[in-house]
Colleague: 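This is the structure, below, for whatever I ask next.
Values below: all heavy atoms of this structure, side chains included; hydrogens, waters and symmetry mates excluded. Chain letters run A, B, ... following the sequence lines, proteins first and then strands; every chain starts at 1.
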Amino acid sequence: MSIDVQSLAKRRGFIWQSAEIYGSMAGFYDYGAMGAMLKRKWENSWLKYFMGLNDNYYLIDSTNILPEAALKASGHVDSFTDPLIECTKCGHAFRADQLIEETTNQAAEELSLAEIDAKVLEIGLACPRCKGPFGNARTFNMMFPIDVGTKGTDKAYLRPETAQGAYLNFKRHFEIMRRKLPLGLTIIGKAYRNEIAPRQGVYRMRELIQAELQIFMDPDTFSDELDLKEMDGQDIQVQLVDMRGKQHMQPMPCRYLVDQYGLPEFYVYHMLKIQQFYLDVIKVPKSKFRFYEKSAKERAFYNRVHFDIEVDLSTLGGFKELAGLHYRGDYDLTKHQLGSKESMEVSIEGRRLIPHVLELSFGVDRNVWALLDLHLVDERTGVLKLPPALAPYTFAVFPLMKKDELIPVARNIHSRLRDDYDVCYDQSGSIGKRYARMDEIGTPFCITVDFDGLADGTVTIRDTDSAEQKRIKLDDLEIIARGLHSGKLLFKELN
RNA sequence: GCAUCGAUGGUCUAGUGGCAUGACUUAGGCCUUCCAAGCCUAUAGCCCGGGUUCAAUUCCCGGUCGAUGCACCA
């Protein structure tokens, strides 16, 4: 029998559907005690890594509710919408613009609802499934509308992406942070999309968490400010558009991607950084990681370069998008300049420009799920081997048995460590069962107080990864704990 | 949103028109000097609404949720 990640996630307190006792709504998930800690630690690792790329990158926060005008300017009110027509006979809904385009070979994207209705009549469009007649076209916008104020007269929406918060705040932060480029603004927060058919667990949700870094920069000088030497001799795992169907991915030298494939140096530099994050911090096996190039047709029109970051997840049946690296150009700030009539132009050493945006966009829920998927290594017994910095609990402390001599010592160790780490104390059940519990929630180190140790001031410490044990002096506990937690000391280096 | 299938303690399941099965888990106890041992006890369940029936977890209708395919995913 193999461990089902979904039921482990539920049973051990990671994640499950929201409002369970009322039958749930599709696309909404809640985090339990373990899941919330795992998510927080993923976010912390992510922040530490990506904020560390530049001194001028900052964490900010912004509202989930945005005024209609802002989302009108960003294009979401109009383009986050699909015109639908429904068959009056079989009830099947179709994308009106696509159907018209297929039938007439004419672009229909710009047609209004009334124009669509007229066009449907004109060309005698009928339901491709049952030949039934179509009703009037209507729009379906993926944004959740909100009525603000007692009369609900201020129209607003739940934000469909966190990015807009950074764009709306750009001018003020540019001023506060002393007018330097590149300026990085990070937001970790909720975004909302009224998906037509949420599927595959946390992979497509209606309320999701995004971690996004928006880098505002001058495309002509940004590359010069990066340490491009880091790219020398480094390969990126990529699947380019023309490789599709032939292979999953191929290691391509950074230099090739710049010189031959024509990607901007700053873009490839960030590919490398993202790859290092996944391979070194998240510990994704190299064979399960790739950048997946989006074709001109697949990417949003304002993205000049777009690769998805994909990881091979067995629970989701293959390579799945966990993040995206988008070179959005000056599209966003230009749009908000038009919409708000506030100038988004900046002046740097005599050069005036509207900064361009390089967006690093991560789906947090998917990434947290990926941790469970990737690190549940023993499917039979359910051993989760999480990196110490990501595990919900870094340490667990047990008395070998529920005996009066052992309990106070174990309690004391627990409280010594608790100030600095997330530590679990457990004295219930056999020692083997307690180790197994910790295996399932990914606690990397278990400290056990036994009778031998009472005499000579030692405890045993067990490594989840290898299930091996070593005996350490209680006096060394703090320094060893610090080393193991940071990853600077490896378990095998003990003694 | 359409189609097919499904939904039983916390988890995984058996089964049924009339006291709902088992395992694991969890809690308490006994035992136990290191990897889910054993014994005793306890807690806990038929997705929601309506219908048929003396009686519905079971049959019927509608909904919700899930899996899969199609569609959708700027």
Colleague: I want to verify a distance call: between B:rG66, B:rC34, B:rA36, whose nearest atom is closest to the A:A436 side chain?
Modeller: B:rA36

Colleague: Would you list the protein and nucleotides 27-31 of chain B atom pairs, both N or O, that sit under 3.5 Å from each other?
Modeller:
| from | atom 1 | to | atom 2 | distance (Å) |
| --- | --- | --- | --- | --- |
| B:rA27 | OP2 | A:S428 | OG | 3.2 |
| B:rG29 | OP2 | A:K402 | NZ | 3.3 |

Colleague: Counting only distance, no hydrogens or angles, is the base of B:rC48 paired donor-acceptor with the side chain of A:Y22 under 3.5 Å?
Modeller: no

Colleague: Between C1' on B:rA74 and OH on A:Y302, what's the gap in Å once rounded to a whole number?
Modeller: 6 Å

Colleague: Any side-chain N or O of A:Q17 under 4.0 Å from OP1/OP2 of B:rG66?
Modeller: yes

Colleague: At under 4.0 Å between heavy atoms, which parts of nucleotides 38-44 of chain B does protein reach? Answer with one letter per nucleotide, 5' to 3': B base, S sugar-phosphate only, - none.
Modeller: -------

Colleague: Using atom C1' of each nucleotide, how far apart are B:rG49 and B:rC65 to the nearest Å?
Modeller: 15 Å

Colleague: Starting at CG of A:D4 and ending at P of B:rU13, how long is that distance when rounded to a whole Å?
Modeller: 9 Å

Colleague: Is the phosphate of B:rA36, meaning OP1 or OP2, less than 4.0 Å from a side-chain N or O of A:S430?
Modeller: no

Colleague: Got a salt bridge between A:R462 and A:E468, using NZ or NE/NH1/NH2 to carboxylate O under 4.0 Å?
Modeller: no

Colleague: Any idea if B:rC60 is syn or anti, going by the 90°-from-0 cut?
Modeller: anti

Colleague: Which is it for A:L374 and A:V311 under the side chain to side chain contact (heavy atoms under 4.5 Å, CB included) test, yes or no, and what are the steps along the way?
Modeller: CA-CA 9 Å; A:L374 290 166; A:V311 171; 3.9 Å; yes

Colleague: Given B:rA67, B:rC35, B:rC73, identify the nucleotide with an atom nearest to the side chain of A:R199.
Modeller: B:rA67

Colleague: So, under a plain 3.5 Å distance rule, would you say the side chain of A:S7 forms a donor-acceptor pair with the base of B:rC12?
Modeller: no

Colleague: The side chain of A:T448 lies closest to which of these nucleotides: B:rC73, B:rA74, B:rC34?
Modeller: B:rC34

Colleague: Looking at the base of B:rC34, is there any donor atom on it, or on the side chain of A:Q469, that sits under 3.5 Å from an acceptor on the other one?
Modeller: yes

Colleague: Could you tell me the separation between the CZ atom of A:R462 and the C1' atom of B:rC34, rounded to a whole number of Å?
Modeller: 9 Å

Colleague: Which nucleotide in the list B:rA36, B:rU32, B:rC72 gets nearest to the side chain of A:R204?
Modeller: B:rC72

Colleague: For B:rU68, give the paired nucleotide (Watson-Crick: N1-N3 plus N6-O4 or O6-N4; G-U: N1-O2 and O6-N3; both under 3.5 Å), or none.
Modeller: B:rA3

Colleague: Taking CG from A:L454 and C1' from B:rU33, how many angstroms apart are they, rounded to a whole number?
Modeller: 11 Å

